[in-house]
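Take a look at the structure below.
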Amino acid sequence: MLFVLASLWAHAADTFLPEAQMQDSLLQMLARFTTYMKADFQPCQEPNNVGEACGAFRSNSTMRSNEDGVRPNADMSMVCAFLCRYGRDKVMLPPNVSWQDLELMARQSLVFAYSTHKANRLKACSDGRYWGSLSQRDHAWESSLWAMSVAYSAKFQWDSLTQQQRHYIYQLLKSECNYELERTIPTGFEGDTKAEENGWEVDVLAAALALFPDDELAPKWQQRMYEFAANCYSHPSDQGELFRGANLYPDYTLQNHNYFHTSYQNVVIQELGEAALLLSLPTLPTKPTKSTPPTPLLLHNCREVCDSVLWWLALSDGELAMPNGNDWSLFLYDQLTSYSTMACMLRDADALMLEQRAYEMIRHRQLTTPDGSWLLRSDIGARRMGVEAHRVMMTWLMHHVWNTADLRPTSWDNFRQRHAQARLLPCQKVVRASTKDHFTCFSWSEGLKSYTGYFAPHLSPLVPWRSNLVVPFKANNTGNLIGWYEVEGRKTNAVPAAEPRITTDGEEWTVEGHLLCNDSTLDLHFTLHSTAGNALIYKDNVRARKDVTILKEKGGLLAISEDELTSTHRRYHFGPGYVNIDDLVGVVVSGHKQMMVDQPRNNNSVLTSLLFTSYDDQPRHYKQGELIDERHIVFYSNVTAEQTARLAKESNFRE
């Protein structure tokens, strides 16, 4: 299968897939997902209080009132309804799924969603509670996001709903929007931005406006929608009566979960795009009409965030680099709909190119599963499946409303060259560069403290599952490149002894850092230099700050994907002072250190092996002040095993 996928990508990388073909493929991907949805659906034993049959999609919290119970049901209800409305006569359903199945699941899951909301109380959730927000005194975090998916599901089924069912939807949305009218718009960017949260408030207000535009509260909903939109990607330089405070740092970055997180950095674009889509979506599934672009107020600072941050972190497969790693499933390409928003609504040719690459990777990842689910080993089960299907569906709809057939995408080579220069995101202490050979990055994260980086080789023709050879990875406050020591009687950790010195010069960058490791018993000075060519050079000096016993040295770390998406069998070529992986990445190490690669393990849904290129498992004893190690490691991209052996032989590691 991997050979077939590689051949498909090599073709797609050199020729741009026409929009109509991509849309056909997106629909068929959603049709394939119906196998998973049908197996996941569970009818309720009892109807709601007015005798309506209902059911819900199973999750880790099936039919409960929390996010894990409500959100996957709302998302998959929406996807079933979407397919019934837009997919007939366009897709082939799997043999075990019928259109009657989809209609039943769409309707019964919608009934369950509105019945269990606090505004209707027609049926209690399995935990005996109801979900949703009614007011400032009775609200639930994130309920507006779930309500937006319920609204989309209702919109797709609108012409078959009874007046009473439409009223239940109205009650649900009105109560959610009442809360939005009462509450304070939150701001703040240190550690926990409110950008994403404000984005889903925009969505529920847009949903109410789209379904009930003539309501007496519609003017208030619209005004509040614009106020929330202005305070998603709100920047310190913003002014005006809508501005409440900044949710972005001065360099346009943001933090969530207490660190710089590219998934959260981009998802606001998706949220704002989905709100604009709701307000522009044709009432009937006719051929797309020429829709006017959304008001700029709805997409406030989206272009600035892309131009200042996201485009500098884009990789050749459409992934956004994660200098700090991620705390959910990796290689999701969940920025797909953010790219679609930029391409369809703001006519961004870079986004159009990246969108297709992300779409290809989602499609290929789905082919690794037997039931149409989006990935193996999901971090949050059905909820992740609903989120991925949600995004694939939204991408199709955006192209349905805003055709991009006349927009010429950027070429990858042109895009990379425009973003080749080393760039520092100063508010996050993240540095990156993109040479013709590879993308490199390093992060000195001050929130959830970690000092780690990685690199992705650039290939021609592009084969992105090979560019995903190195996986973003952090552990023990370090991770890729530096690794760590295990010290007897001490925890494995690292804290900064001083501020790093980060410099850039053309396509090169350098980080000079000083860390105190293992409960401050080790003193580690290091320099990491990314060259304008294909080398990433690491040097360090490690001394004992106290008498210590080193149990294991696990330095020069590379987390290597050995996954169904990438390659389940990596070819490791070991030799004196070097290792090469797949004739693609080579590592040359000074001295006579051992090397060790462990067995693949699940790392955020990706099977990953840890390769330690400077390894020692023999106990070593040191007195205070003694030199422990002075390592010199060079990581090369786009080198064969033979070339790596020659580089090792020729290296003398002189200063």
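Note that the coordinates shown come from a computational prediction; the quantities given were computed from them, not determined experimentally. Count residues from 1 along the sequence.
In this structure, a donor-acceptor pair under 3.5 Å is absent between the side chains of Thr640 and Asp583. Looking only at atom types and distance, the side chain of Asn476 has no donor-acceptor partner in the side chain of Thr492 under 3.5 Å away. In summary, the side chains of Trp312 and Ser434 do not present any donor paired with an acceptor at a separation below 3.5 Å, with no hydrogens or angles considered. No donor-acceptor contact under 3.5 angstrom links the side chains of Asn534 and Ser637, judged on distance only. Side-chain atoms of Gln255 and Gln428 include a donor-acceptor pair closer than 3.5 Å. Donor-acceptor pairing under 3.5 Å is lacking for the side chains of Tyr578 and Asn580. In this structure, a donor-acceptor pair under 3.5 Å is absent between the side chains of Gln624 and Arg545. With no hydrogens or angles considered, a side-chain donor-acceptor pair links Ser340 and Glu355 at under 3.5 Å. Between the side chains of Glu507 and Thr435, no donor-acceptor pair is found at a separation under 3.5 Å. Side chain to side chain, Asp547 and His621 fail the donor-acceptor criterion of an N or O pair below 3.5 Å. A side-chain donor-acceptor contact under 3.5 Å links Ser609 and Glu562. Residues Asn256 and Thr193 have side chains that never bring a donor and an acceptor to within less than 3.5 angstrom of each other.
Surrounding NZ of Lys436 are at most 12 heavy atoms belonging to other residues, nucleotides or ligands under 6.0 Å away. Enclosure of atom CZ in Arg501 is not indicated, since only 12 or fewer non-hydrogen atoms of other residues, nucleotides or ligands lie within 6.0 angstrom. Annotation: Gln594, atom CD; neighbour count of heavy atoms from other residues, nucleotides and ligands within 6.0 Å is above 12.
Interatomic distance, CD of Gln335 versus CZ of Arg391, reported as 9.0 Å (0.5 Å rounding). For the atom pair Asp523 CG and Leu627 CG, the distance stands at 11.0 Å (nearest 0.5 Å).
Checked for salt-bridge contact, Asp616 and Lys552 miss the test: no charged N lies under 4.0 Å from a carboxylate O. Between Glu630 and Lys539 there is no salt bridge, since no side-chain N of the basic residue sits under 4.0 Å from a carboxylate O of the acidic one. A salt bridge is absent between Arg365 and Glu564: the closest approach of a Lys/Arg side-chain nitrogen to an acidic carboxylate oxygen does not fall below 4.0 angstrom. A salt bridge does not link Lys546 to Asp519: none of the charged nitrogens lies less than 4.0 Å from a carboxylate oxygen. A salt bridge does not link Asp317 with Arg357: none of the charged nitrogens is closer than 4.0 Å to a carboxylate oxygen. The pair Arg543-Glu626 does not count as a salt bridge, with every side-chain nitrogen at least 4.0 angstrom from each carboxylate oxygen. A salt bridge between Lys593 and Glu553 is present, with a side-chain N of the basic residue lying under 4.0 Å from a carboxylate O of the acidic one. Using a cutoff of 4.0 Å between basic side-chain nitrogens and carboxylate oxygens, Asp629 and Arg620 are scored as salt-bridged. The pair Arg32-Asp371 fails the salt-bridge criterion, with no side-chain N (NZ, NE, NH1 or NH2) lying under 4.0 Å from an Asp/Glu carboxylate O.
For the pair Gly318 and Tyr339, the tightest heavy-atom approach, listed with the atom from each and the gap, is O-OH, 2.8 Å. In terms of heavy-atom proximity, Asn468 sits nearest to Met361 at ND2-CE, 4.2 Å. Taking each heavy atom of Asp563 and Val606 in turn, the nearest pair found is OD1-CA, 3.6 Å. Contact detail for His235 and Asn301: the closest heavy-atom pair is CB-ND2, 3.8 Å.
When atom types are taken as modelled, the side chain of Asn266 and the backbone of Thr262 share a donor-acceptor pair closer than 3.5 angstrom. Formation of a donor-acceptor pair under 3.5 Å by the Ser450 side chain with backbone atoms of Asn477 is not found in this model. Remark: the backbone N or O of Leu647 is paired with a side-chain donor or acceptor of Ser651 at under 3.5 angstrom.
A tilted orientation is assigned to the rings of Tyr454 and Phe439, their planes being inclined by 30° to 60°. Under the 30°/60° scheme for interplanar angles, the aromatic rings of Phe442 and Phe526 are found to be tilted. Between Phe635 and Phe455, the ring planes lie tilted relative to each other; the angle falls in the 30° to 60° range. The aromatic rings of Tyr572 and Phe574 lie parallel to each other, their planes meeting at an angle below 30°, with 60° marking the opposite boundary. Using the six-membered ring where Trp is involved, His458 and Trp412 have ring planes that are perpendicular, over 60° apart on the 30 and 60° scheme.
Cation-pi check for Arg384 over Trp374 is not met; the charged atom does not lie both under 6.0 angstrom from the ring centroid and within 45 degrees of its normal. A cation-pi arrangement is present between Lys474 and Tyr259, with the terminal nitrogen or guanidinium carbon under 6.0 Å from the aromatic centre and inside a 45° cone about the axis.
Considering only heavy atoms from C-beta on, Leu26 comes within 4.5 Å of Tyr359 through its side chain. Residues Leu611 and Ile581 have side chains in contact (heavy-atom distance under 4.5 Å, counting atoms from C-beta outward).
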Asn324/Ser443 under side chain to side chain donor-acceptor pair (under 3.5 Å): CA gap, chis, key distance, verdict: CA-CA 6 Å; Asn324 294 308; Ser443 172; 2.5 Å; yes
Verdict with supporting geometry, Tyr264 and Trp328, ring pair (Phe, Tyr, Trp, His ring centres under 6.0 Å): CA-CA 12 Å; Tyr264 284 113; Trp328 62 52; 5.2 Å; yes
